[in-house]
Amino acid sequence: MIDYKQAGQRIRERRKSLGLTQEMLSEKIQITPSFYSQIESGTRKAGIKTFVALSQVLSMSLDDMLG
């Protein structure tokens, strides 16, 4: 089972290490900044397409992202 809060924390850490803002990353994966913020906070679940897009932009495996 996916722990969305932990996944959000991993995504946030990777985004920050790459020097990206939430707005920049949400634009790259074509979702709203509000939705992206909710993914990072773990308050909203994302679909597999969104996680794959995040994985590609962040150069992060889905295993590392989702734990």
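The analysis underlying the following values was restricted to heavy atoms, covering all of them including side chains, and did not include hydrogens, waters or symmetry mates.
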Are any side-chain N or O atoms of S17 and backbone N or O atoms of R14, one a donor and one an acceptor, separated by less than 3.5 Å? yes
Donor-acceptor side-chain pairing of T43 and S41 below 3.5 angstrom: yes
Under a 3.5 Å distance rule, please check whether S26 uses its side chain to pair with a backbone N or O of Q22 as donor and acceptor. yes
Is there a side-chain contact between L25 and L58 (heavy atoms, below 4.5 Å)? yes
What verdict does the side chain to side chain contact (heavy atoms under 4.5 Å, CB included) test give for F51 and Q56, after you've listed the backbone C-alpha separation in whole Å, the side-chain angles of each residue and the deciding distance to 0.1 Å? CA-CA 9 Å; F51 281 121; Q56 291 171 343; over 6 Å; no
Taking the side chain as every heavy atom from C-beta outward, state whether L66 and Y4 have any atom pair closer than 4.5 Å. no
Which of M24, E23, K16 passes side-chain contact (heavy atoms from CB on, under 4.5 Å) with L20? It is M24
Which heavy atom of R10 sits nearest to which heavy atom of D64, and what is that distance? CD-O, 2.9 Å
Minimal non-hydrogen separation, V57 against L18, with atom names: O-CD1, 4.4 Å
Contact between I11 and M65 at the side-chain level, heavy atoms closer than 4.5 Å - yes or no? yes
Pairs in or reaching into residues 44-54: which pass side chain to side chain donor-acceptor pair (under 3.5 Å), with residues at least two apart or in two chains? Q38-R44
Drop me the distance from I48's CD1 to S55's OG, to the nearest 0.5 angstrom. 9.0 Å
Taking it one step at a time, do I39 and I31 satisfy side chain to side chain contact (heavy atoms under 4.5 Å, CB included)? CA-CA 11 Å; I39 293 170; I31 61 173; 3.9 Å; yes
